[in-house]
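In this text the structure is predicted, and so the values were computed from the model without any measurement.
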Amino acid sequence: MELKDLFYSWVPVWLKLPVLFLLFFVILTANAVYVGNATDMYSGLGVYPEPFTEAFNAVYIGMGLGLMLEWRLKLRFSNKTLLLWGLTMMALANLVNMYTENPVLIVVSCLILGFTKISALMEVYIIWLVVWSPKLDTTRMYPFVYITALSGVYFVTWLTARLAYTYNWRHGYILMLILIGVCLLAGLLLVENHPLRRRMPLYQMDWLGLLLLASFLILVNYVAVYGKTENWWASEKMQAASCLIAVTFFAFILREGLVKRPVLPFALFKRGSFVKGLVYFLILGIFLPASIQGTFTAGVLDFESISNNRLNLYLIPGVAAGAVLSWFWYYYKKNTEVLLFIGLAAFVAYYYLLYTNLATGLGLEDFWGMSILKGFGTVLMYIVVGLNTTSGFPLNNIFTAGGMMILFRSVLGSGVIAGIYSWLLYAGRIRHFDRLAGSIEADAGGLLQPAGYYRILQGQATLAASKELCGLIIVIGIMLLVAIVLSHFWRVATNRPRILG
């Protein structure tokens, strides 16, 4: 694969960078389902919210699978073809979701969008990597990637919520379609096509292995999202899906061990940093979900959707601070274990502040400090663990390693754990509500209470359940911080290598 400029030679530099940033921003943030207008969307369509959570996770399933295939696509199609293909499919997926009333179609379109948009993303990513580091040092690039991706998603979440509040939920899609259209026009007019000298065939791809892995992930996503609604394994659907998860997983493992060109080479797992990185992303899933804060602000503080989504803007300063810190940290080659500790400590501090502020009467301004901490911790952990996971691989394996990183970070980690948190909060709320209701009835001699008591009890039960889960996360976080410190001293005493790097 030869590395060439994305644009025609006649395109001036002052135009290249703004267009390159627009392409990068739009590709990263256009997901065909948006948290900001999702509430208005499923309310307007008269459906449950679960399909939209499933669709959001499906985007990342598609991106992970698409990235694992991307190396072969780059050896088969030209850069302009891949860019325009990805942008076109993004436009079609957003258009479908703007008009369809079928939740299944929304999930499918998001899966396809994620799978195809990775082709456009990688074309722009590679050029940005050259801009930041002619030597292709990803430690220079990752802070820019995540300050753009995370801040962009948070901003788009607020913007789509604002448009839904002011007009209706479809206006968010109209805006994203306009931006994708501008990117398509820029790609057609400014991007130069570089034909490949030799095209590699695609028939040698392990398509069956890819299908088995996709089936496994879709089933995991289904169980994680619908577990609470279906009462987990009391439901025959959950039992069947769980059995199919086991079947597809073992079939995939068996398939990959037999084929000559597997979609997931097991040799990747011989590298300790890769395995550790995947484990860290699973652990990171404990801290990433916004389930507790979302349940608290909507169920206790009665924040409207526009106010709830405005809190995403409060994360951006923390993201910016964390990205700048990590850039200088890697530039001066400081100990990355310390950066890992700082990122995890920021999450623990966020949950501690959230725990101490779980009470009625809070306003938006009370979330500034904790939101900045969460944004700071999120970007640090993404950068540190991401760099550690993909470092040291040859170019053809980096794509596969990056795809697995996305799947563990956004689906098997935070995606699954968010579903577990949703169920824990629901079950805890019911348990505390029954206990509180029983206490009131006992004190009142069994007399019926006014209807207003129900709302008070519901709020108190939500607070109690949220504090329980928040406290558990804090304890886990403190244990991890202690483990990092102890392992550091143990390695120093025994002259063992670092846990990162």
Apply the test side-chain contact (heavy atoms from CB on, under 4.5 Å) to residues Phe347 and Leu373: give CA-CA distance (whole Å), side-chain angles for both, the deciding distance (0.1 Å), then the verdict.
CA-CA 7 Å; Phe347 272 116; Leu373 281 171; over 6 Å; no
Run Met68 and Leu407 through side-chain contact (heavy atoms from CB on, under 4.5 Å) and show every step you take.
CA-CA 10 Å; Met68 295 171 72; Leu407 295 176; 4.1 Å; yes
Under the side-chain contact (heavy atoms from CB on, under 4.5 Å) criterion, do Val263 and Glu256 qualify, and how do the steps go?
CA-CA 7 Å; Val263 67; Glu256 297 308 281; 3.2 Å; yes
Apply side-chain contact (heavy atoms from CB on, under 4.5 Å) to residues Tyr330 and Leu339 and explain how you reach the verdict.
CA-CA 10 Å; Tyr330 281 99; Leu339 204 58; 4.0 Å; yes
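Between Phe144 and Phe24, the two ring planes are parallel [angle under 30°; tilted spans 30° to 60°]. By the 30° and 60° cut-offs, the orientation of the rings of Phe155 relative to Phe25 is tilted.
Taking a cutoff of 4.0 Å between a charged side-chain nitrogen and a carboxylate oxygen, Glu123 and Lys80 do not qualify as a salt bridge.
Checked against the 6.0 Å centroid criterion, the rings of Phe408 and Phe281 do not qualify as a close aromatic pair. Aromatic ring centres of Phe52 and Phe56 lie farther apart than the 6.0 Å criterion allows. The distance between the ring centers of Tyr154 and Trp158 does not fall below 6.0 angstrom. Between Phe252 and Phe216, a ring centre-to-centre spacing not shorter than 6.0 Å is recorded.
With Tyr382 as the partner, the ring pair (Phe, Tyr, Trp, His ring centres under 6.0 Å) test is satisfied by one option alone out of Phe376, Tyr146, Phe287: Tyr146. Looking at Leu217, Leu111, Val411 one by one, the single match for side chain to side chain contact (heavy atoms under 4.5 Å, CB included) with Tyr60 turns out to be Val411. Checking Leu65, Thr400, Ile398, Leu82 one by one against Glu70, the side chain to side chain contact (heavy atoms under 4.5 Å, CB included) holds for a single residue, Leu82.
Residues Tyr226 and Pro51 come closest through the heavy atom pair OH-CG, 3.4 Å. Heavy-atom minimum distance, Pro18 versus Val13: CD-O, 4.5 Å. Glu54 approaches Asn221 most closely through the heavy-atom pair O-ND2, 3.0 Å.
When side chains are defined from C-beta on, Leu113 does not count as touching Met89, because their heavy atoms never get closer than 4.5 Å. Pro143 is listed as a side-chain neighbour of Ile383, based on a closest heavy-atom distance under 4.5 Å. No side-chain heavy atom of Met41 sits under 4.5 Å from any side-chain heavy atom of Met98.
A donor-acceptor pair shorter than 3.5 Å can be found between the side chains of Asn309 and Ser305. Of the N and O atoms on the side chains of Thr100 and Asn102, not one donor lies less than 3.5 Å from an acceptor on the other residue. Side chains of Tyr350 and Gln293: a donor-acceptor N/O pair is present below 3.5 angstrom, by distance only. A donor and an acceptor atom, one from each side chain of Lys117 and Asn31, are located under 3.5 Å apart. Side-chain contact of Asn97 with Tyr34: a donor-acceptor pair under 3.5 Å is absent, judged by distance alone. A donor and an acceptor atom, one from each side chain of Thr157 and Asn312, are nowhere located under 3.5 Å apart.
The environment of OH in Tyr167 is sparse: at most 12 heavy-atom neighbours from other residues, nucleotides or ligands sit within 6.0 Å. For Tyr8, the OH atom is densely surrounded, since the number of other residues' heavy atoms within 6.0 Å is greater than 12. The local environment of CZ in Phe266 is crowded, with over 12 non-hydrogen atoms from other residues, nucleotides or ligands closer than 6.0 Å.
At least one cation-pi condition fails for Arg140 and Tyr331: the charged atom is not both under 6.0 angstrom from the six-membered ring centre and inside a 45 degree cone around its axis.
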